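One structure is given below, encoded as C-alpha cells.
Both backbone and side-chain heavy atoms feed into the values below; hydrogens, waters and symmetry mates do not. Order of listing sets the numbers, starting from 1, for every ligand and every atom in it. For clarity, every value in this text was computed on a predicted model and none was experimentally measured.
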Amino acid sequence: MKDTGVKGLDGQIAVVTGAARGIGRAVAIRLAAMGATVALVARDQGQLEALAKEIQSDGGQAVVATCDLLNPALIVQLGKRIRADYGRCDILVNNAGVGNLGQPLWEMPLEEWELLMATNLRAPYLMIQAFAPLMVEAKRGHIVNISSLAGKNPLPNGAAYAASKWGLNGLTYSVAEELRSHGVRVSVVAPGSVNTHFSGGSGKDPAKALQPDDIAQVVALLVTQAPQSFISEVLVRPTQK
Ligand code: NAP
C-alpha cells in the first residue's frame, strides 16, 4: 500500500465518486491507506471491484458502491445503504465529472449541456443531500468538491464545462456557510491539467501535467486539518506551463 506517512482516518467512512479511474481512484487509494473505509462510486463495476481488491490486498478497506450519478433515485439509495451499513459518513469527495471540450458553446447540442450539468453540478447537490444529514447528526464531517481552474477562468471551447465548475465553486462556498455551524467543512479543490483519461483530449503535454496523486495529497491535507481549522479552497497548478 502507498505509505502516505499520514494516518488518522481509522474508523472513518469516506465516499468517493468517480473512483473507477483518474483522480478519484488516487483519492480512494490514499484515503484507504490512511485508514478510512472507502465506498467506491462510479458506473464501471468491474473497475471498482478491481480497485477494491487492490486496496484490500494492501491491507485497506473498500466497498464497491456502483451508482450512476445521473440517476437521482440511485443516489438516494446509496445514501440509505451507507446509513444502514455504517451509520456514518465522515468524508464525501464529489469528484466524478465529465468534460466536453473542443467546441464553441453555440454549436453544443442540448443533450451534451444537460449531461455535463447533471454530472458536474446536479450530482454533487444530490450527493450532499444524501450524505450531509449523516454529518449534521454527527456534528462533524468533510465534503470536498473537485472543481477545476476552468471554474476560475474563461475556457474558450469549453464554456459549458467552465460554467459547471464556476457553478460548483459557488455551490461549495455557499453550502460551506450553511454547514460550518454544524461542524461540517465543505472545501473545493481546483486543479489545472491532470494526467488522466479525462485530459487525454485536451491537447496538453501529459509530461507537464499534474498527477492524480497530487490531488489526492491535497484531499488528504484537507481532511486531516485540526477541527478548528478549515481550508475552504485550494488551487493546484502544474509547476511547468
Ligand atoms: P476521469 O479519469 O475521466 O474519471 C472520471 C470518473 O467519473 C470516472 O471514474 C467515471 O467512472 C466517473 N463518472 C463519470 N460520470 C459518472 C456518472 N454518471 N456516474 C458515476 N460516475 C461517473 O476524470 P478525472 O480527470 O479523474 O476527473 C475527475 C474530476 O476532476 C472531474 O470532476 C474533473 O472535472 C476534474 N478535473 C480534471 C482535470 C484533468 O485535467 N483531468 C482538471 C481539473 C479538474 P464511470 O465512467 O465508470 O462512471
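Between Ser193 and ligand 1, not a single N/O pair is under 3.5 Å apart. On a distance-only criterion, Ser148 and ligand 1 share no N/O pair closer than 3.5 Å.
Take Glu112 and apply the salt bridge (charged side-chain N to carboxylate O under 4.0 Å, His left out) test, not counting sequence neighbours, and it matches no residue. Qualifying salt bridge (charged side-chain N to carboxylate O under 4.0 Å, His left out) partners for Asp214, counting only residues two or more places apart in sequence or in other chains: none.
Using cut-offs of 30° and 60° on the angle between ring planes, the pair Tyr161 and Phe198 is tilted.
Numbered from 1 in the order shown, with element, the atoms of ligand 1 that lie under 4.0 Å from a heavy atom of Ser147 read 35 (C), 36 (N), 43 (C), 44 (C). Those atoms of ligand 1 that come under 4.0 Å of a heavy atom in Cys67, given as number and element, are 19 (N), 20 (C). Heavy-atom proximity to Tyr161, at under 4.0 Å, picks out these atoms of ligand 1: 33 (C), 34 (O), 35 (C), 36 (N), 44 (C). For ligand 1, the atoms sitting less than 4.0 Å from at least one non-hydrogen atom of His197 are 2 (O), 3 (O), numbered in the order shown with element in parentheses.
Put simply, no part of Ala150 is less than 4.0 Å from ligand 1, judged by heavy atoms. Residue contact annotation: Thr119 has a non-hydrogen atom under 4.0 Å from ligand 1. For the pair Ala190 and ligand 1, no heavy-atom separation below 4.0 Å is found. Ligand 1 lies less than 4.0 angstrom from a heavy atom belonging to Lys165. Proximity of Gly99 to ligand 1 is not established, as no heavy-atom distance is less than 4.0 Å.
Taken together through direct or relayed side-chain contacts under 4.5 Å among Ile, Leu, Val, Met, Phe, Trp and Tyr, Ile146 and Val234 form part of one hydrophobic cluster.
Between Ile13 atom CD1 and Phe131 atom CZ the span is 10.5 Å, to the nearest 0.5 Å.
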